[in-house]
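First the structure, in the form of structure tokens, and then the observations on it.
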Amino acid sequence: MAKLKEQEKRYLQKFWNAVSQAGNDLRNQEPPALTEEDFYLFEKTGNRLMYENAYFARRKYLTVFGILYEFGKKEEDLEALDKIIVSICSRERFWALPAHVDFAHLDERTIDLFAAETAQALAEILMIAKDRLPASTVALAQQEIMDRVLAPFCTSTFPYSWWETDRCNWSAVCAGSIGMAAIMMDRMGRLPAEWKEPCMKRVCDALTCYLDGMEADGTCTEGLGYFSYGMSYFTAFAELLYQETGGAVNLMNQPKCEKIAAFQEKCYFGHGVSLSFSDADCHEHFLPGLTAYLVHCFPDTRTPDYASARTFEEDSCCRWLMNERTIRWLIDFGGHENTRADSASCDLLPCAQWMICKDQNGNGFAAKGGHNDENHNHNDVGHFLCAYQGELLLTDLGAGEYTKDYFNENRYQILCNRSLGHSVPLINDCEQCPGKTSQADAFVWDEEKETLTISFAGAYPEGCIDRVTRVIAKERTCGEHLGMALSVTDCFIPSGQTTKITENLITPFQPEVVQDSDRLHVLIRGTQGLCMITDEAAWRSPQQIQILSKEHSLHDGTKTTVYLIQWDLPVKGMREIQSHMLFRFS
């Protein structure tokens, strides 16, 4: 057991209190039923939330009473745990979510993220409580784990599904969960001996695919939340396999894993703001347990500020492993003196083509190049955001509501995924194209001048523009009290097809156009700070600047309004068009 620091003790106590309160709230309530009507709603309308809300509410019972019994050993929690295990095993037709099944060929044994997670959770809880649970419950759960997950996977021809060879979080979560469930079922004498070695090989191969999906510089291009998700299951399986093999197999002992572990802290600005590229969130909260384990493996890994630590209440999916490890890994591996230092930094991630710069107060900017076929891709080559006083005054919308259209051919009609929902130009009223060939052909950071140059004409339809170059530079301010300043200079070389160039910026706060003597400004007023934007070369009258409001569905389905700031640049007869934007924050 580690000697925890005071902030870790306070966090752990608060986390435990929240789990205990949830237990008190749930103990005398019945879990919601999963209905056929809600299951088929996704196929009919694309809505995921109705069924998933009930599904995850049921998993909350399993997680809460599993944790309470593991660390408290109370009989009342064991009784509640027994009840929910029986319900999950006998009353749920599918462990997979409707968004992940083939409705044309429904298979009740489909293994998706959540079926695999359920098998892992049940197997681990059985290991913890099997001597106290009724024998009938243990036998039922063991049989369901075998029938629904381990047998379909272990007896399948390779690959079981697309995720077994994919380079994203699915390969870590599905394979890691299956691997852990297999080891624990083997320890309980339920896994056929001939299945174990082939299963472990396939699991380890899938986890290699997962690591391959991370950039060589450690970047998780899926977003910070998916870093926490995938790495939780990769790390948990790696720990169990290390124990199972007596230390002979150590999946964490790879140079790339150390770079991946260092990625998380780079994504945090000050005041709780996090980098929201791809399907992330601008207030993504880290997992202290996972972080403590990563620091245990890689002591140079830094821990973000505990103000950004995830609380139990924030986990809408109520995953057993991520919550249980928050407690267990923090108890076992916490106590390191490695918290984040408040100092200015500029982190270049050259493989992903990300740049993240912060001043000593945690304010700063991030920009990206890359391409438009990344995991959880958004069409956002050349995009940038600005964080100031705990707000993204120039934002990245991050993940929207996950609907059927979010993952099909209509993906780029959704604002947060299309380039219109990012601070990148439009050419001839055209947005960027999806695909790996839609990419930046240069991404260069000049450390001495503190300037970033991105060239990304290739992200637009072929022939519509010859060159697009964006130069982002940190501007000097006269004293810390004056906030920060940033200049963005866009240079366009038109082609014979170029007829229109429109600058486009996105903010969550309603902007206003103001005239100060002979100058025009756009003001973005957050709740804590102000951004004043000037483009002296382009703006001649207020009518040139358009403020457009757009509806955006947040990840939880909540509707909000965001704003686009647009203006056209003069094109006719020009061999080179430039836009000089100055952003002053105060």
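Counted by atom type alone, Tyr268 and Asp305 present zero donor-acceptor pairs between their side chains at under 3.5 Å. At a cut-off of 3.5 Å, with distance as the only test, no side-chain donor of Asp281 or His555 sits close to an acceptor on the other residue. With 3.5 Å as the limit, one finds no donor-acceptor pair spanning the side chains of Thr403 and Asp405. A donor-acceptor pair shorter than 3.5 Å cannot be found between the side chains of Thr63 and Asn323. With 3.5 Å as the limit, one finds no donor-acceptor pair spanning the side chains of Tyr412 and Asn372. Of the N and O atoms on the side chains of Thr291 and Gln264, at least one donor lies less than 3.5 Å from an acceptor on the other residue.
A distance-only check finds a donor-acceptor pair linking the side chain of Glu164 to the backbone of Tyr160 [under 3.5 Å]. In this structure a side-chain-to-backbone donor-acceptor pair under 3.5 Å is present from Asp217 to Cys351. Using modelled atom types, no side-chain atom of Glu79 and backbone atom of Glu76 make a donor-acceptor pair closer than 3.5 Å. No donor-acceptor pair closer than 3.5 Å links the side chain of Asp380 to the backbone N or O of Phe277. Checking side-chain atoms of Ser274 against main-chain N and O of Cys267 turns up no donor-acceptor pair under 3.5 Å. Of the possible polar contacts, one joining the Ser278 side chain to the Thr221 backbone as a donor-acceptor pair under 3.5 Å is found. Between the side chain of Lys368 and the backbone N or O of Gln353, no donor-acceptor pair lies under 3.5 Å. Listed for the His283 side chain is a donor-acceptor partner under 3.5 Å among the backbone atoms of Gly272. For the pair Lys266 (side chain) and Leu349 (backbone), a donor-acceptor distance under 3.5 Å is absent. Remark: the backbone N or O of Lys5 is paired with a side-chain donor or acceptor of Glu8 at under 3.5 angstrom.
Nearest heavy-atom pair, Val381 versus Ser438, reported as atom, atom and distance to 0.1 Å: CG2-O, 3.8 Å. Closest approach of Gly23 and Phe65 over heavy atoms only: O-CZ, 3.8 Å. When all heavy atoms of Ala238 and Leu251 are compared, the pair lying nearest together is CB-CB, 3.8 Å. Closest non-hydrogen pair, Ser90 versus Val86, comes out as OG-O, 2.5 Å. Considering every non-hydrogen atom in both Leu34 and Tyr55, the closest pair reads CD2-N, 3.5 Å. In terms of heavy atoms, Ala123 sits closest to Ala181 at CB-CA, 4.0 Å.
The CG atom of Asn17 sits 9.5 Å away from the CG atom of Leu12 when rounded to the nearest 0.5 Å. Asp166 CG to Asn375 CG: the interatomic distance, rounded to the nearest 0.5 Å, is 6.5 Å. Atoms CG and CZ, on Asn379 and Arg411 in that order, are 9.0 Å from each other to the nearest 0.5 Å. In this structure, Arg58 CZ and Glu92 CD are separated by 4.0 Å, a value rounded to the nearest 0.5 Å. The structure places CD1 of Ile88 at 8.0 Å from CH2 of Trp95, a figure rounded to the nearest 0.5 Å. Of the inter-residue distances, the one linking Asp300 atom CG with Leu294 atom CG reads 13.0 Å to the nearest 0.5 angstrom.
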Could you check Glu401 against Leu49 for side chain to side chain contact (heavy atoms under 4.5 Å, CB included), going step by step and ending with a plain yes or no?
-> CA-CA 9 Å; Glu401 180 185 356; Leu49 292 178; 3.5 Å; yes
Give the C-alpha distance, both sets of side-chain angles, the deciding distance and a yes or no for side chain to side chain contact (heavy atoms under 4.5 Å, CB included) between Leu191 and Cys199.
-> CA-CA 11 Å; Leu191 189 77; Cys199 178; 5.8 Å; no
Side chain to side chain contact (heavy atoms under 4.5 Å, CB included) between Met252 and Phe234, intermediate numbers included = CA-CA 9 Å; Met252 302 300 290; Phe234 176 88; 3.6 Å; yes
Criterion side chain to side chain contact (heavy atoms under 4.5 Å, CB included) on Arg202 and Phe153, from CA distance to verdict | CA-CA 10 Å; Arg202 286 174 65 176; Phe153 179 77; 3.8 Å; yes
Show your reasoning for whether salt bridge (Lys or Arg N to Asp or Glu O under 4.0 Å) applies to Glu30 and Lys83.
-> CA-CA 10 Å; Glu30 288 296 319; Lys83 186 176 179 181; 2.6 Å; yes
Mind running salt bridge (Lys or Arg N to Asp or Glu O under 4.0 Å) on Arg59 and Glu117 for me, showing each step along the way?
-> CA-CA 10 Å; Arg59 292 304 179 270; Glu117 288 177 25; over 6 Å; no
For Arg132 and Glu75, run salt bridge (Lys or Arg N to Asp or Glu O under 4.0 Å): C-alpha distance rounded to whole Å, both residues' side-chain angles, the deciding distance at 0.1 Å, then the answer.
-> CA-CA 9 Å; Arg132 297 287 306 280; Glu75 193 65 30; 2.4 Å; yes
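Between Cys257 and Phe298 there is a side-chain heavy-atom pair separated by less than 4.5 Å. By the 4.5 Å heavy-atom criterion applied to side chains, Leu113 and Asn169 are counted as neighbours. For the pair Leu211 and Leu207, the minimum side-chain heavy-atom distance is 4.5 Å or more. In this structure, the side chains of Val101 and Leu106 come closer than 4.5 Å at one or more pairs of heavy atoms. Within the 4.5 Å cutoff, the side chain of Phe237 has no heavy atoms near those of the Leu321 side chain. Counting only heavy atoms from C-beta outward, the side chains of Phe71 and Trp16 approach each other to under 4.5 Å. Contact check for Leu81 versus Leu62: side-chain heavy atoms found under the 4.5 Å cut-off. Side-chain contact check for Val295 versus Phe333: every heavy-atom pair is 4.5 Å or farther apart.
The number of heavy atoms from other shown groups lying within 6.0 Å of CD (Glu314) is above 12. Crowding of Lys201 atom NZ: a count of heavy atoms from other residues, nucleotides or ligands under 6.0 Å not exceeding 12. Around atom CD of Glu37, no more than 12 heavy atoms belonging to other residues, nucleotides or ligands sit under 6.0 Å away. Residue Lys404 places its NZ atom among more than 12 non-hydrogen atoms of other residues, nucleotides or ligands, all under 6.0 Å distant. The number of heavy atoms from other shown groups lying within 6.0 Å of CZ (Arg187) is above 12. At most 12 non-hydrogen atoms from other residues, nucleotides or ligands lie less than 6.0 angstrom from NZ of Lys44.
Note: Phe39 and Phe103 have tilted aromatic rings, judged against thresholds of 30 and 60 degrees for the angle between ring planes. Relative orientation of the Tyr293 and His296 rings is tilted, given thresholds of 30° and 60° on the angle between their planes. Relative orientation of the Phe263 and Trp354 rings is tilted, given thresholds of 30° and 60° on the angle between their planes.
In this structure, Phe42 has its ring center at least 6.0 angstrom away from the ring center of Tyr51. For an aromatic pair to be called close, the ring centres must be under 6.0 Å apart, and Phe286 with Phe227 fails this. Residues His100 and Trp170 bring their aromatic ring centres within 6.0 Å.
Taking a cutoff of 4.0 Å between a charged side-chain nitrogen and a carboxylate oxygen, Glu324 and Arg319 do not qualify as a salt bridge.
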